[in-house]
Amino acid sequence: MLKLIENFVRSIVNETVDKAVSRMVKDQYIENIFEMIPVANKVGVTNLMELAMRANMGMPVPRPLGSPLHFSPWQQILFNPVHLFRFPTPENVAIQTAVTIGPNARKPLTISIPIMIAGMSFGGALSKNSKLALAKAATAVGTATNSGEAGLMEEEREEAQLFIGQYNRGGWMNTPDKYKRLDAIEIQLGQGAQGSAPQRTTSKNIGEDYREVYGLQEGEDAMIHSRLSGVNRKEEFIQLVRKLKDETGVPVGLKIAATHHLEQELQIAIEAEVDFVTLDGAEGGTHGGAPTLQDDVGLPTMFAITRATEFFTRKRVIREISLIATGGLVTPGQMLKAIALGADAVYIGTAAVMALASEQMVKTLPFEAPTSLLVYTGKATDQLNVEEAAKNLVRYLNACVREMELVAITLGKTALSDVSKSDLCTLDPFLAKATGIELGYVASDRQERFFADTEALFPRTVEPKQLRYVPEQPESAQPQVH
Amino acid sequence: MENTQDIRDLKNTLSYLHSELNRLETMAGTLSTVERQHYYKLTNFDQRDLMDIAVEEQNAARQLGTMKTMCLAMAEKIEAMKNALDGGNMQESAPRAETH
């Protein structure tokens, strides 16, 4: 019987495929379904669908989780293991993983691992269950979680042993009764996936619990403005930082979207004497943002880190101001490379929520996206088992840190914070020139000679545009060599 | 005279806190090592619940390592306060109140 059904199915498939192929061969190209293949290749599948969505909605389409483009060429950097020249760390030596954020603050924030949970707001982005699972997991591993641009959710504050709150452009965390209950304050002026653009959550997507946390009236939209209220001049920002530091004693930092104006922005942060700076690279995620803001605005995380580290070193504040990197960091290797390049710690967002959903994805697949378990407006948020989700994230974080520890061992280091640029080599001459990482093609003592011998390829006096590194793109672009 | 006595008491208290922090730092280090050994032993068993306990032990080991770091930082701070007192320079010490 089974054989009969199998033969029947085979003959139907055979007939259908034959007809489809014949039709594609014989039909005029302009009327041919095969036309979709070159069109999709030309436009890109994502672009094609988003084009159709724009045509349908007439509004920017709120793409979740950030840009699919990989701007930072992390794969072009490798760690340098040691064997005899320097010995690897014996396996019975514990690798130190703790980091102190804002060492000069009256109440510095010490976390047990250099990975924190990024700002993802309750309501604006995630469901209450997701936020609680993130807080539980963060507490279990001894790290901090972040409020995102939201008000103070009591349950989250209770679950999180270390809680960083965003003093935000919506104004929902900006009163002393709220910010005095935080373990660190992050003044949020922008994010990688949105720049400093405004955002609005319409009242139809705002439930009672959301209104309670944000202090909104029924029917009122939640609005994130492009500027922080009361900060229209740099002096006002400086005053705000000093006021928050005086009133709370906890580390007070600045979060911005990484930008080519980085040094000018950081100069003001230095003048304000912030305790930490969070740089969110162009790869940063979001609950839903305009694709153009995600794909075409900002600076890649890697270059934000290297430039900020160089600037802080030059300004002699590298020990005073902690640097937190975020935006598209998914693998432990990428996270440790960010630390090696100068970040004191990293935030993870997308990776953390994917870890929450991991084993519970089956509850929504194949008919709904796993994010419907996690986002505030998701259809399946009540199906998320908070305890299990938190356990999955704890396991993920442990695995990530363990992998980072293994790399530290092979580098002969005893602390993750000791991993530095000298533990890296790069396969890209432009990266070597721009970041100071040695080029893996030639020996350490031949670096200068290599660049001198190939000076024609890497001229000293060129137009800035020509020096710009063009990261590897999936479609066509290649690094320019002039 | 009373002021001198107060300063002497304060110095004694700081010395006490300093030595206790050093003790706590040593204990945290020892316990961290023990927790880490438990992690390695528990990962020998291919059993989900035991793996979860192993992960908890690993996290505990790291957090004890953090406590060690925090104790060291606080001990340094107290040492600075003691030195400032000895130099009659208490006013100039940094105003850090506590660590998390």
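Chain A is the first sequence line, chain B the second, and so forth, proteins listed ahead of strands; every chain is numbered from 1. In this text, all values refer to a predicted model and were calculated from it rather than measured experimentally. The basis for the numbers below is simple: all heavy atoms, side chains too, and nothing from hydrogens, waters or symmetry mates.
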| What is the distance from atom CD of Q63(B) to atom OG1 of T110(A), rounded to the nearest 0.5 Å? | 12.0 Å
| Winner by heavy-atom pair count (cut-off under 4.5 Å) against chain B, out of T143(A), V141(A), V99(A) | V141(A)
| Are more than 12 heavy atoms from other residues, nucleotides or ligands located less than 6.0 Å from atom NZ of K11(B)? | yes
| Which atoms of A94(A) approach chain B - backbone, side chain, both or neither, heavy atom under 4.5 Å | both
| said: Just checking K245(A): does its NZ atom have more than 12 heavy atoms from other residues, nucleotides or ligands closer to it than 6.0 angstrom? | reply: yes
| query | Can any side-chain N or O of Q96(A) pair as donor or acceptor with the backbone N or O of T66(B) at less than 3.5 Å? | reply | no
| task | Taking atom types as modelled, find out whether R36(B) and N92(A) have a side-chain donor-acceptor pair closer than 3.5 angstrom. | result | no
| message | Would you say that N398(A) contacts R62(B) through its side chain, given a criterion of any heavy-atom pair below 4.5 Å between the two side chains? | response | yes
| task | Look at atom CZ of R23(B) and say whether more than 12 heavy atoms of other residues, nucleotides or ligands are closer to it than 6.0 Å. | result | no
| Is the shortest side-chain N to carboxylate O distance from E56(B) to R395(A) below 4.0 Å? | no
| field | T139(A) side, atom OG1; N59(B) side, atom CG - distance, nearest 0.5 Å | value | 11.5 Å
| Does N12(B) CG have over 12 foreign heavy atoms under 6.0 Å away? | yes
| query | Which answer fits L397(A), side chain, backbone, both or neither, if we ask what part of it has an atom under 4.5 Å from a heavy atom of chain B? | reply | neither
| said: Just so I know, are the side chains of E91(A) and Y40(B) near enough to count as touching, which here means a heavy-atom distance under 4.5 Å? | reply: no
